[in-house]
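These values consider heavy atoms only, across backbone and side chains, with no hydrogens, waters or symmetry-generated copies. Whatever order the structure lists ligands and atoms in, that order sets their numbers, starting from 1.
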Amino acid sequence: MRILKWPNPALTAVASPIESVDDSVRATAEEMLMAMAESRGLGLAGPQVGYGKRLICVNVTPGSPEGERVYVNPEIVGREGEVTAEEGCLSLPGVNGKVTRAAKVTVRATDLKGEPLTLFAEGLLSRVLQHEIDHLDGVLITQRFSAIDKAANARSLRELEKTSRTPTASRR
Ligand SMILES: [Zn+2]
């Protein structure tokens, strides 16, 4: 499973809800967990692997599989406070900037057995959940950067846009 990089259009599309948690969803989740672990990511969302469904994986202790969690159709139903911190993204290598997010979130989701759950998160987990749920809405960190951070990352973004061009496309 390959992690898509900017400017792949899959990254800016809105993901659709998962109707039922079946074996194909569980198999996709398993592959996503492996891809996330391989890249030592803290989180991975369906659109980042070309899966246009509302599925996210998180692990705020990369390297230890016991921290792995999968959420189906996650939705933020409560927010509290505000905190700004530096973020990066597996789909935006070389791009980093400050993002302001809610300090604490309440998330409603479904687990891989199809059971509903409510999660209260703060700290890094809260940030990662908000980042991954943003992906489901086609929102990337660059959209949340300040003008200064946008300018600071313009060159890295242009580089990504250049390397993404296939030889076939540039020959036209
Ligand atoms: Zn990301």
> If you leave out waters, which protein N, O or S atoms are less than 2.8 Å from the Zn ion (ligand 1)?
Replying inline: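 Protein N, O or S atoms closer than 2.8 Å to the Zn ion (ligand 1): Cys89 SG, His131 NE2, His135 NE2.
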>> Do Glu159 and Thr163 pair up side chain to side chain, a donor and an acceptor below 3.5 Å, judged on atom types alone?
In response: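 The criterion, which ignores hydrogens and geometry beyond distance, is not satisfied for Thr163 and Glu159.
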Reported [atom1]-to-[atom2] distance for the pair [X] and [Y], which is rounded to 0.5 angstrom:
{"X": "Leu92", "Y": "Leu157", "atom1": "CG", "atom2": "CG", "answer": "6.5 Å"}
{"X": "Ile141", "Y": "Glu87", "atom1": "CD1", "atom2": "CD", "answer": "6.0 Å"}
{"X": "Leu124", "Y": "Leu129", "atom1": "CG", "atom2": "CG", "answer": "9.5 Å"}

> Which atom names give the shortest non-hydrogen contact between Thr142 and Lys150, and what distance separates them?
Replying inline: O-CE, 3.2 Å
>> Does anything in residues 89-132 form a ring-ring contact (aromatic ring centres under 6.0 Å, His included)? List the pairs, not counting sequence neighbours.
In response: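 Output for this query lists His131-His135.
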